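Model, not experiment: these values are computed from the prediction.
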Amino acid sequence: MEKRALWTSCYFVRFVTLFLCARASGNLPQCKETDYYFEYTECDSTGSRWRVAIPHRQGSCTGLPEPVRGTDCTFSCEAGEFLEMSSQQCTSCAAGSYSLGSGVRFDQWDSIPAGFSSLATYLDSGGSGDYSLTCNNSSWTAQGTHLESNRDDCTVSLVYAVHLMKQGSVSFDYQYVDSNVFFEFFIQNDQCQEMDQTGSEKWIKLTTSGEWGTHTVNLKTGTNILYWRTTGMLLGGKPVKPVLLKNIQIEGVAYTSECFPCRPGTFSKTPGSSTCDLCPRNTYSGKGASSCTHCSETQYSQEGWSRCKERPPCSEKDYFQIHTACDGEGKTQILYRWVEPQVCVENVTGAVTLPPSAEKEDCPPCNPGFYMHNSSTCLPCPQGTYSDGTAECQRCPGGTEPSLGYEYKWWNILPRNMKTSCFNVGNSKCDEMNGWEVAGDHIRSGVGGSDNDYLILNLRVPGFKLPTSVDDASATEFGRITFIFETNCSADCELYFMIDVNRKSTNVVESWVGSKLRQAYTHIMTKNASVSYTWAFQRTNKAIDVRHYVNDIAKIYSITVTNAMDGSASGCHACAMMNQQDGSSCVPCPAGHFINKDTNQCQECPSNTFLSGHHIYGLEACQPCGPGSKSNKEHSVCFNDCTFSHMDQNRTLTYDLSALNSVGSIMNGPSFTSKGTKYYHQFNISLCGAEGKKVAVCTDNVTDLSSKDVQNESADLNNFVETFVCQSTIIPADGRGFRTALSSQSISLADTFLGASVDNSLDGVTASTDLFSESSRKVPDINFFYRSPQPTASCLNGRSTVVTLRCSPEKSTRGELTVPSKCPAGTCNGCEFHFLWESSSACPLCTEADYHSIEGACKGGVQDTLYVWNEPKLCAKGVPLLNKTSAHCEVVGQWVKAGIGGGAFMAALLVSLTCYFWKKNKRLEYKYSRLVMSANKDCELPAADSCALAEGEGEENDDDVVYSNTPSLLGKLKAIASKQADGDNSESVQLKSSQAERWVWG
């Protein structure tokens, strides 16, 4: 039937041939109207076509009507009408049916309609395992009211082909809540070429849990092949939330040859309808109904049901408790109510009755910032006043102003800026129920209509207003929300916390699966905007229409929002004043200034300190920057200016890291999911410079790796993070046949720079030395420490990052980034990340101590001096190596000459002394021999007085003979020499004489 409503691919010649052959068969019976049907031929170049009759069974009859000229190719009927082919006139649809005129609608999903197909996309390259087998069971499935995509990490496409005779459009309702799924819609022509689409047309935006979005794309004339394609990413083992589709409507078909019957559970009571209405509660209808039938008294149905069900006996799961609002006496009471609409039966065997109401009790106090009015109503304090909720509102003292915000910790009624709702994808049972119920000291999830309902709690903040003394331009924190919660579940429940900024799109900030102990969670707003905070609780994501886990609950004990624009004040904080006179008004402080406690006036923070962001009162608000860092001019952030110095063995090492100031990137992998999807982890690192601006950017959903300019993409499509270090998961273009690479799960790993140091730990963050091989060089590694304080479900203390710089002279100035081989994802526990950046820029600046000189030989009166680096060279830039120098020189030096002269003099002196002593010795020997000879005459010694020579004998030698009791200089020398040789005092010869004895010194 649907084929008739679209187009036929047969040519006019074929129908003429059939017609002529049928007429030639004279033995066949004449054709009746029930034996054939009409269709149009394809349009020719003039825009004309023919209406021809086609038998249901070829050769079964004869006498088919002859072809006649058909309506214009662009002709179509109005909505609620169809083209009656025998008369070629538009006719109204009968009751119980509908028509879109020139369109078709698919809103019944008991099975996948004819013309649709679900197929898996095989890997182009890479991967492990047989993808065609592992994804063989992955497909889109019909769920009655909608289509549901696969829940695994396969890539599955829903495909439908349509031929348009004029320009048209396609629209569909969808629910897309999980960013771990890539959901794209694209169109191909009959040549399988993808048609041009903008990013906003191809990539589908996320929706809030429980809400449906609508996507519309224009279609061109001719064949359009429509693709709805999903790809899941099971990186943490957690199943993905499926994409849901319903109400697919296509406009632009040439004609509709029949009306479509209303699907079961709907009806159209008047002819000429373009839509069918849902049957009310406790009624039902079958296919093509013009009215709905009421259920019996023992049965019930929900809106849009195609049959009735028997009413079950009432149980504890069919009622819930509520806290009444405070009455005039200041009392509240716990009441019990049946879940509406009540479907259970009370007066049957086994049914429970509604418990009686509890005793009245005193109402809890008002929330901080409110005061009790008429003993029953809490009202916000007037502007300029404050209250803790138990006392009357008071004005803030001088020098202070109210601390605006929300502080909800008592839950007797739902605050005016909060609302609650219930939503189910497949039914409307809980549409009128409260998703959350107040319970005194907490607010808790409601019972819902089914276990897979989304129980929604919403808080709207119109904007943020910073304290008067805080500078808006340099503020890094405009407000923060903190809530305390717990979950108690027996199934796979999940609590979502979501944010919608400026009513653009809702993003899941964090989620918690299963039971969680009572804990606090804080989210900081870094820009001033209107924001909607949403909590959504789902007991199970399985599509079940019962309440098995009604006792699985989520509780929120308190919600606190600071600096809320329309908030009330629970206290006051100090502000800066123009002067110290009473009544002086608060004045804003310039950027980087704190409030002096003594004077209540603005004062600039000391150098290299930054304002903490929580307050600016007192000098303690100025926090010191870590080692190796400095503050920017506004004292809003600490950063490294691409320089570093370190004292090592009485030597100052200075580093110039300016070559590393641009963003560094590393993509590790590839890795593969269990179904074969290839993916990478990409990290972007902003190490230093940029005046502390966080220039590392990671985007979600759509990323063209060849383009680094985020602004080229649509701001609505790009959910991106700007920080010091970020991570995103990349699916390459060849991984699943995508046209461009896809990016998902972008997170910040480093919101705050703690400092740079050669130590292995700083402020609780530790660089694991065993993750990278030790450096064989004497130059120490430099560790850059970062922290992202935002807690997550798996990292309660947030994430931390350490980037280690290592001196590698053989590397380029930009160097190379690596991750630990033990932890190829950059982390071993998901919370602590480590990177090694090897670069020649990580070497200290060269100084005179890093080179030495080598002097050459003196050649031709010239001597060269060369300067060479110490090996191994462990420095860069800094002092340049000196050029070769030359100096005049002599072959024999002055000192050598002096030495030679001195040596010659000493040699001459020794020769002279030798000759002198030799001659003296000869003379003494001669005299001695004369004495001996004269003494031996007549064989006796001479008398003492005759021992001398005769007069005149030997006169020539008188000057050589010395007679003295005092030794001469020469005698002393000889005596000393003799003493050293023999150890005696002197050498003597004793001569006998009759006279007094005398010593003769020789």
Query - Residue of the set Leu805, Val803, Leu653 for which side chain to side chain contact (heavy atoms under 4.5 Å, CB included) holds with Ile782 - result: Leu805
Considering non-hydrogen atoms only, spot the tightest contact between [X] and [Y] and give its length.
{"X": "Trp837", "Y": "Ile685", "result": "CZ3-CG2, 4.4 Å"}
{"X": "Phe785", "Y": "Val765", "result": "CE2-O, 3.5 Å"}
{"X": "Arg480", "Y": "Ile524", "result": "NH2-CD1, 3.4 Å"}
{"X": "Gln519", "Y": "Lys516", "result": "NE2-CB, 3.7 Å"}
{"X": "Tyr521", "Y": "Pro791", "result": "CE1-O, 3.2 Å"}
{"X": "Phe183", "Y": "Thr230", "result": "CD1-CG2, 3.7 Å"}

**Report entry** More than 12 heavy atoms of other groups within 6.0 Å of Asp648 CG
**Finding:** yes
Query raised in the report: Should the heavy atoms of other residues, nucleotides or ligands under 6.0 Å from CD of Glu774 be counted, would the total exceed 12?
Result: no
Just say parallel, tilted or perpendicular for the rings of [X] and [Y], cut-offs at 30° and 60°.
{"X": "Phe497", "Y": "His523", "answer": "perpendicular"}
{"X": "Tyr655", "Y": "Phe644", "answer": "tilted"}
{"X": "Phe784", "Y": "Tyr786", "answer": "parallel"}

**Report entry** Thr155 vs Thr231, side chain to side chain donor-acceptor pair (under 3.5 Å): CA-CA, chis, key distance, verdict
**Finding:** CA-CA 4 Å; Thr155 297; Thr231 300; 2.8 Å; yes
Do [Y] and [X] meet the salt-bridge criterion of a basic N to acidic O distance under 4.0 Å?
{"X": "Glu184", "Y": "Arg229", "answer": "yes"}
{"X": "Glu838", "Y": "Arg814", "answer": "no"}
{"X": "Glu832", "Y": "Arg799", "answer": "no"}
{"X": "Lys859", "Y": "Asp864", "answer": "no"}

Decide whether [X] and [Y] meet the rule of one side-chain donor and one side-chain acceptor closer than 3.5 Å.
{"X": "Asp850", "Y": "Thr847", "answer": "yes"}
{"X": "Asp781", "Y": "Thr804", "answer": "no"}
{"X": "Ser629", "Y": "Asn640", "answer": "no"}
{"X": "Gln603", "Y": "Asn596", "answer": "yes"}

Query raised in the report: Nearest 0.5 Å, what's the OG-CG distance between Ser788 and Leu749?
Result: 7.0 Å
Query raised in the report: Can you find a pair of side-chain heavy atoms, one from Tyr496 and one from Glu510, that are under 4.5 Å apart?
Result: no
Query raised in the report: Heavy atoms, side chains only, cut-off 4.5 Å: are Phe478 and Thr526 in contact?
Result: no
Query - Audit row: Ser728, Gln682, side chain to side chain donor-acceptor pair (under 3.5 Å) steps and yes/no - result: CA-CA 5 Å; Ser728 57; Gln682 179 174 344; 4.8 Å; no
